[in-house]
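This report refers to the structure that appears directly beneath it.
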2 protein chains.
Amino acid sequence: MDNDQDDPAAATDYQPLYAQVKALITRRIATGDWKPGDMIPNEFQLANEYNVSQGTVRKALIAIEAERLIVRRQGRGTYVARHTREHALFHFFRMVDINEQRPVPTSQALSQNIVNASQELAKQLEVEPGTPLYHITRNRSLKASPAIYERIYTPVQMMPDLQIEIGKQMVDEMYVIYQERYGITIAHASERVAAIAASAEDARQLKIAKATPLLEITRIARDVSKVAVELRISRCRSDEFRYAAELN
Amino acid sequence: MDNDQDDPAAATDYQPLYAQVKALITRRIATGDWKPGDMIPNEFQLANEYNVSQGTVRKALIAIEAERLIVRRQGRGTYVARHTREHALFHFFRMVDINEQRPVPTSQALSQNIVNASQELAKQLEVEPGTPLYHITRNRSLKASPAIYERIYTPVQMMPDLQIEIGKQMVDEMYVIYQERYGITIAHASERVAAIAASAEDARQLKIAKATPLLEITRIARDVSKVAVELRISRCRSDEFRYAAELN
DNA sequence: GAGTGGTCTAGACCACGGT
DNA sequence: CCGTGGTCTAGACCACTCG
């Protein structure tokens with residue numbers, strides 16, 4: 001009682017109670033114990049389960065909500081966040097047109113095959129070189145004209161039997177598929193934007209002149225546990241569209 | 001009881017106590033009542049002043065801290081945030097090199113004059129067309145080679161007698177100057193990134209071939225009250241550098 | 001009306017930073 | 001040692017949603 005430091009780890013491992021509760025709840029969501037769309041127990045039930053006060057649970061829940069893992073609604077309850085198409089687009093699709101409107105993209109898959117991870121791909125996706133990866137290419141149109149040519153890589157092991165219909169409009173965003181089919185929630189992404197000259201392939205796909213300047217957006221998407229799930233390289237027309245970022 | 005909507009204002013004007021306290025404290029910072037670097041009264045003093053409990057003040061302070069307007073330090077006190085060069089760069093300079101290192105830019109002003117806002121500039125800076133603006137051009141080097149050519153516009157009225165030394169290394173970031181000389185704290189910025197082909201001017205400034213693809217970053221920077229303070233158009237080499245964004 | 005999250009208060013104790 | 005912010009608890013009351 002008078003000395004909690006007899007465990008030397010305590011000094012470095014110390015986490016406030018609410019942070020511990022937050023970690024416990026987060027784990028139950030990450031493991032699929034509570035699934036997207038589920039309502040989780042109320043604050044008093046959780047407080048009782050973890051033997052803390054309701055205020056401590058509340059602080060944990062507010063922190064989890066800030067990470068968009070849960071949605072809390074007064075009078076209703078607390079729910080595990082679900083990736084809707086709107087949500088996926090709102091959080092992860094950053095292109096705006098020159099009038100500051102957010103266009104809604106339509107997507108059409110062009111090809112799907114399996115490749116073994118090169119050194120470069122392996123490094124980015126944090127897997128061993130040679131790991132089998134799906135390689136999907138697709139076209140995305142903004143305002144009814146082709147604007148983005150995209151290559152997507154994701155480990156086969158994470159998404160057994162992933163099948164994308166080729167040549168048809170995709171109904172769901174990839175992240176909705178990951179969540180609904182495999183229980184993988186994309187929670188974070190890191191993007192790097194470069195300016196490049198359109199290759200012959202880009203020019204053909206986007207119906208533009210070769211060497212037109214394009215935005216190349218390289219994105220690593222990670223799940224709730226920060227595990228890399230997808231590498232996506234998007235080449236975007238930049239004549240009518242811009243990549244948008246807000247710094248706060 | 002059955003109808004709280006008889007006063008239409010009540011529905012829209014209602015703010016929780018902590019939000020009102022937050023607004024009051026924020027205003028005192030925005031007006032310069034408390035200046036960057038100042039220590040503000042402790043939670044109990046504020047609670048007493050505003051006739052609320054210390055817990056309510058705390059919630060307001062946590063919210064203000066989340067907006068990076070204040071810094072709270074255990075055992076020390078709560079301080080109004082100050083723009084250091086490190087802070088300005090960390091929050092507003094988003095370029096990384098191809099090895100994911102953040103290069104530290106050096107800047108050299110090329111010119112400073114006054115222009116009257118065109119329709120386009122006026123719209124972006126939210127001022128009347130014709131409003132006098134400073135127009136500053138500068139070169140920025142990353143890792144000792146010229147990498148960014150930048151045009152900066154800011155209303156003369158906001159920064160009377162702004163003088164930038166031409167042709168010399170700039171010691172301070174622009175945002176440090178705005179804060180220290182004029183008490184204007186840049187708190188938000190909105191960026192739009194495009195890919196463009198280098199103009200003859202860009203090519204000369206950046207010592208690259210004409211028509212090389214460049215990143216063009218257009219930024220509107222705003223103060224604590226969301227008033228537009230600066231428009232900045234940066235053209236960046238994209239061969240060794242990338243624009244970085246994290247989506248959470 | 002019952003149940004949920006949201007706000008607010010009050011007070012205890014801890015951890016940190018300086019005197 | 002004192003004063004600061006940080007954590008935690010306990011309980012009251014409010015606002016929203018739904019049956």
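First the proteins, then the strands, lettered A, B, ... as listed; each starts at 1. Hydrogens, waters and symmetry mates play no part in the numbers below; they use all other heavy atoms, side chains included.
Which of C:dG5, D:dC8, D:dG5 sits closest to the side chain of A:Thr78 comes down to C:dG5. Relative to the side chain of B:Gln74, the nucleotides C:dA15, C:dG17, C:dG5 differ in distance, and C:dA15 lies closest.
Salt bridge status for A:Glu246 with B:Arg192: present, with a side-chain N to carboxylate O gap under 4.0 Å. Ion pair B:Arg28/B:Glu49 flagged as a salt bridge, since at least one NZ, NE, NH1 or NH2 atom sits closer than 4.0 Å to an Asp/Glu carboxylate oxygen. Under a 4.0 Å N-O distance rule, the pair B:Arg219/B:Glu150 does not qualify as a salt bridge.
Under the 6.0 Å distance and 45° angle rule, A:Arg102 counts as a cation-pi partner of A:Phe90.
Side-chain nitrogen and oxygen atoms of B:Arg76 include none within less than 4.0 Å of the OP1 or OP2 phosphate oxygen of D:dG3. Considering only side-chain N and O atoms, A:Arg73 lies nowhere under 4.0 angstrom from the phosphate OP1 or OP2 of D:dT17. An OP1 or OP2 oxygen of C:dG6 is reached within less than 4.0 angstrom by a side-chain nitrogen or oxygen of A:Arg72.
Separating the OH atom of B:Tyr79 from the C1' atom of C:dC16 is a distance of 12 Å, rounded to the nearest angstrom.
Put simply, the side chain of A:Met158 reaches to within 4.5 Å of the side chain of A:Ile184, judged on heavy atoms.
At a non-hydrogen distance threshold of 4.0 Å, B:Asn42, B:Glu43, B:Arg58 from residues 38-71 of chain B come into contact with DNA chain D.
A parallel orientation is assigned to the rings of A:Tyr175 and A:His83, their planes being inclined by less than 30° (bins at 30° and 60°).
Residue-to-nucleotide proximity on DNA chain D shows that, of A:Tyr18 and A:Gly75, the 5′-proximal contact is made by A:Tyr18.
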